[in-house]
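Letters A, B, ... mirror the listed sequences (proteins, then strands); counts begin at 1. Please read all numbers here as calculations on a predicted model, not as lab measurements. Computed over heavy atoms, backbone and side chain alike; hydrogens, waters and symmetry mates excluded.
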Amino acid sequence: MTPDRPRPVLDALSRAYWEAAGRGELAIQRCEECGHYQHPPRPLCERCTSSDLAYPAVSGRGVVHSFTTNHQRNVAGFERAVPYVNLIVELEEQAELYLLSDLPAGEADWVAIGAPVEVAFEPIEAAEGEAIALPQFRPAGG
Amino acid sequence: MWAGRGKTAVAGIGFSQLTRTHERPLGQLAIEACRAAIADAGIEPSQIDGLATHPDQPFRGAGNRAGEDLVPAAFLIDHLDIGPEVEWYAQVSAGLIPSAIIEALNALMAGACTYALVWRAMHRPAGTYGAWREPFAGGDSQFTAPYGYTSPFQLHAVAYQRYMHRYGATREEMASLVTNSRANAQLNEAAFFNGTPMSVDDYLAARMISEPICLFDCDIPVEGCAALVLTTAERARDLPRPPAYVAAWGQHTAARPTYVNYMLDDYMACGASTAGKLWSRSGLGPGDVDAAQLYDGFSPSTYYWLEAAGFCPEGEAHAFVQDGRVALGGELPVNTFGGSLSEGRLHGMGHIAEAARQVSGRAGPRQVEGAEVSIALDGSPLLRGAGLLFTREA
Ligand SMILES: [Zn+2]
């Protein structure tokens, strides 16, 4: 069952990320000074404190760092989606650069730590009604 | 070595009743615990001249009204018959209860107060604990809530999944740790699960919450309060109870990751930093500890603390907790009071109270014979780790 997802409230730091996703691009905040990627986006570079930050597109490829299968009806909108799996995906651009993903437990046979994944985009609405997309991760080449 | 070693002490300990549901205002329970701690210290309420707490409840919306579901310093100033001379208090707004205790210890050493009362009052809201109910997600939660990922147990599940994968740990091994805590709770009359034993089969049959975290890997949320009276070592020596001297405190505040990027390695880094400060300040090491009270808001946290503090090598805690090694009478008794898993969720205050009891010889039927050193490590180590090391001698 497709969940009724909480809708993102876009802000000055996150808008570029969500708008890129809406165009089918995964764009991650990166420091123009030192090249450090960070997600969630931050007001300053967490490595060198530079405020020169951009949102370049990344490959969308990564591996499953970890995962969990959720059984608790704990999130409004996800009651009928239980059981569902959350993936923690580590992007290939940088160690410890993580994004989330989810999928129904019935479609998660392939999920394992280290499994290669690639991004896909699920259309959603932002809190203010704008059409954006939620980055999701599926088996690479699948 | 830290100049403050042995300069302060726990002089009194008090608990309220720990209940599963909100039957009485939390403020009443807090007053009950504070009065018990003051009486235990053998002093008059009017002698309390310092207050410290971390009043926050663990998730947004859980604590709203002072005295009903939240107990800030102002509530005790107004409702506890302490002297009119309370001019020092601290209310830490982030972190854990050890952060408030650290404030109080520093105030005692600076002479800002003479008897400090520290309490932790926990509210257990009705309904599903910590459920996400909002249609919109702002701030960092905009990157997690749309995926149905909002709860601490999910964060712990992915770290524990990674731990099990990396080190080959099993649920059967975890059953040893969890049932050991439950057995210890049978020797602690204040524990919520006193009178409710648990077998390995009970643990293995528990329903899954967020795999591999099952129901019994989660602590038991309670309504209640625990309180301590702290004072200087000099004063503590003249009181009726044997003091628990503070040999060191340690805290790690550097990394503040979010739900998106807080993984197993972060737990270990934070834990090692916290424990390392305790060892270097006290001049003691893991081999000196007679009883370890290691936070278990979720059971895998105890593994991380065992490893990060150096009680066993990294990756080996799941094996270390077998064969009665962490049981009373074992090589390193762990969570001798039952832990948060079996005593109740007091966010680390139960661990600190037990560490103090063990070194002052006041742990009753679960006393570790001749305990000279006991440690309390709080946090998961999550967002902030903090700990205290107590000794029998100053
Ligand atoms: Zn930078």
Is [Y] close to [X] at the side-chain level, that is, under 4.5 Å between some pair of heavy atoms?
X: B:Leu204; Y: B:Arg171; result: yes
X: B:Phe143; Y: A:Leu99; result: no
X: B:Tyr147; Y: A:Gln136; result: yes
X: A:Asp102; Y: A:Asn70; result: no
X: B:His54; Y: B:Ser99; result: no
X: B:Asp217; Y: B:Phe298; result: no

Which atoms of [X] approach chain A - backbone, side chain, both or neither, heavy atom under 4.5 Å:
X: B:Glu134; result: backbone
X: B:Met208; result: both
X: B:Phe153; result: side chain
X: B:Pro135; result: backbone

Please classify the contact of [X] with chain B as side chain, backbone, both or neither, using a heavy-atom distance under 4.5 Å.
X: A:Phe67; value: both
X: A:Pro83; value: neither
X: A:Ile88; value: side chain

For this session: Flag the one option from A:Val82, A:Leu97, A:Leu100, A:Val75 with the top tally of heavy-atom pairs under 4.5 Å to chain B.
Result: A:Leu100
Exercise. Any idea which of A:Leu134, A:Val85, A:Leu13 has the most non-hydrogen atom pairs under 4.5 angstrom with chain B?
Worked result: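 Ranked by heavy-atom pairs under 4.5 Å with chain B, first place is A:Leu134.
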Exercise. Any salt bridge between A:Arg5 and A:Glu122, counting N to O under 4.0 Å?
Worked result: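 Yes, A:Arg5 and A:Glu122 are salt-bridged.
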Given the options [options], which has more heavy-atom pairs under 4.5 Å with chain A than any of the others?
options: B:Gly139, B:Ala145, B:Ala157; value: B:Ala145
options: B:Gly138, B:Gly148, B:Ala159; value: B:Gly148
options: B:Arg207, B:Arg133, B:His165; value: B:His165

Exercise. With A:Tyr84, which residues qualify under side chain to side chain donor-acceptor pair (under 3.5 Å), at least two apart?
Worked result: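 Testing A:Tyr84 for side chain to side chain donor-acceptor pair (under 3.5 Å), a comparison that skips the adjacent residues, returns none.
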